[in-house]
Amino acid sequence: MTERVAATPGLYPLPDWAKETLSDRKGHQKGDLLSGDEDEAIVEQYDEVRGEYVGDQLDAGLDRVTEGQGRWDDMIAHPLTVHDGVETGGIVRYYDNNNFYRDPRVVDDLDFSGDVANELESAAALIDGEASLAATLPGPYSLADLATDEHYGDEAAFQAAVADFLAGEIEAFPAHETLFLLEPSLVTNPPAEGEEPAATDAIATVADATDAEVVVQTFYGALGEKLYAHLVDEAGADALGLDLVAGDRDDTVYNVQEFGSTDSLALGLVDGQNTLVEEPETIAERVEWFESQIPAEGFDRTYLTPNTELFYLPENKYRAKLNALSAAAEVLE
């Protein structure tokens, strides 16, 4: 019987109470981005934000609890932007939406940082055994795609270096049940034909660094057929995250029908960019519809997730979507 797991990878919206305080303390300029050595007042503010995120998830009854990434100035690039071997460049638009990040320009070796591990240690202490911890990282393909290499000098070498860096960070993580690797660039800017193995090798390097279940979470539509097949066969993931909100969901279903799947799947079932809150029964129906299309006995585990990170939403809507996902898992029991 398939286990249904409610979870929400990625960045949460910064609470309204924290926006003004942190903006005043951090400033608004390039030099005011997080660097990993913030003063005590800023650290305390982010500790409060983290506590609120964890509390929201525990209150909702999610099966996996994330750190929420309140310290992240953006949804993907953060692990590089706080690294000593990286300089931040100009403002760049994320994909096709009105969100931006500072271009991380890698100018030196990507050695161990420990920044994300410290965040997760704090989250694990807050959870205190009440639920299972889920870690979130950018996937190596997307992180390398969004960054600028001014050190390694070769695209394949840079992608491999980013993968080795992320794998090294994972080794310092506290115990975690699930690792979400966020890979939106696999959909929006996929590798050229013939270069798919380099991407899947990079993901496999990161996946091999943890004993947790690894979910490669994609956003913004369906994967290309050939790339999807490579990911199933070569990435070393326990689950692929598939966007069922996007209009090309039939292409996603076709990929699974034609090329099979990983043992588990993560389904993007609620719209992370739309304030309309889905009913739990609607979410459950989407799961049942998808599973009815697949000629298989079932999956080990189906993650019920948003189709994107939730930071796009107002606070009340993000909380409502947490509750809806958790309730949908109960409907499916």
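This structure is a prediction, so every number in the text was calculated from the model and none was measured.
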Nearest-0.5 Å distance that lies between atom NE2 in H176 and atom CD1 in I127
12.0 Å
Given side chains that start at C-beta, do those of [X] and [Y] come closer than 4.5 Å, heavy atoms only?
| X | Y | value |
| --- | --- | --- |
| F290 | V256 | yes |
| P140 | E183 | yes |
| V49 | P15 | yes |
| D115 | H78 | yes |
| F311 | D74 | no |
| L182 | S142 | no |
| F259 | L223 | no |
| Q45 | W17 | yes |

Give a yes or no on whether the backbone of [Y] and the side-chain of [X] come within a donor-acceptor separation of less than 3.5 Å.
| X | Y | value |
| --- | --- | --- |
| N189 | S185 | no |
| D248 | A222 | yes |
| T210 | V206 | no |
| T66 | A134 | no |
| E169 | S113 | yes |
| K321 | D271 | yes |

Run the side chain to side chain contact (heavy atoms under 4.5 Å, CB included) test on L143 and L137 for me, step by step, so that the C-alpha distance in whole Å, both residues' side-chain angles and the decisive distance to 0.1 Å come before the verdict.
CA-CA 9 Å; L143 189 56; L137 277 177; over 6 Å; no
When you look at [atom1] of [X], are more than 12 heavy atoms from neighbouring residues, nucleotides or ligands closer to it than 6.0 Å?
| X | atom1 | answer |
| --- | --- | --- |
| D154 | CG | yes |
| E155 | CD | no |
| E258 | CD | yes |

Hey, is R301 close enough to D238 for a salt bridge, meaning N to O under 4.0 Å?
no
Between E333 and R4, does at least one N-O distance fall below 4.0 Å, as a salt bridge requires?
no
Identify whether [X] and [Y] are in the same connected component of the hydrophobic contact network (ILVMFWY, side-chain heavy atoms under 4.5 Å).
| X | Y | result |
| --- | --- | --- |
| Y95 | Y312 | yes |
| V245 | F219 | no |
| W289 | L325 | yes |
| L244 | V216 | yes |

Testing the basics here: between D149 and H151, what is the closest heavy-atom pair and its distance to 0.1 Å?
OD1-N, 2.9 Å
Connecting only ILVMFWY residues whose side-chain heavy atoms lie within less than 4.5 Å of each other, what is the rest of I91's hydrophobic cluster?
F100
For the residue pair D56 / Y12, report whether a side-chain donor-acceptor contact shorter than 3.5 Å exists.
no
Give a yes or no on whether the ring-centroid distance for Y303 and F180 is below 6.0 angstrom.
yes
Would you please test H83 and D108 for side chain to side chain contact (heavy atoms under 4.5 Å, CB included) and show each step?
CA-CA 10 Å; H83 194 282; D108 204 346; over 6 Å; no
Which of E195, E234, E193 passes salt bridge (charged side-chain N to carboxylate O under 4.0 Å, His left out) with K226? Answer is E193
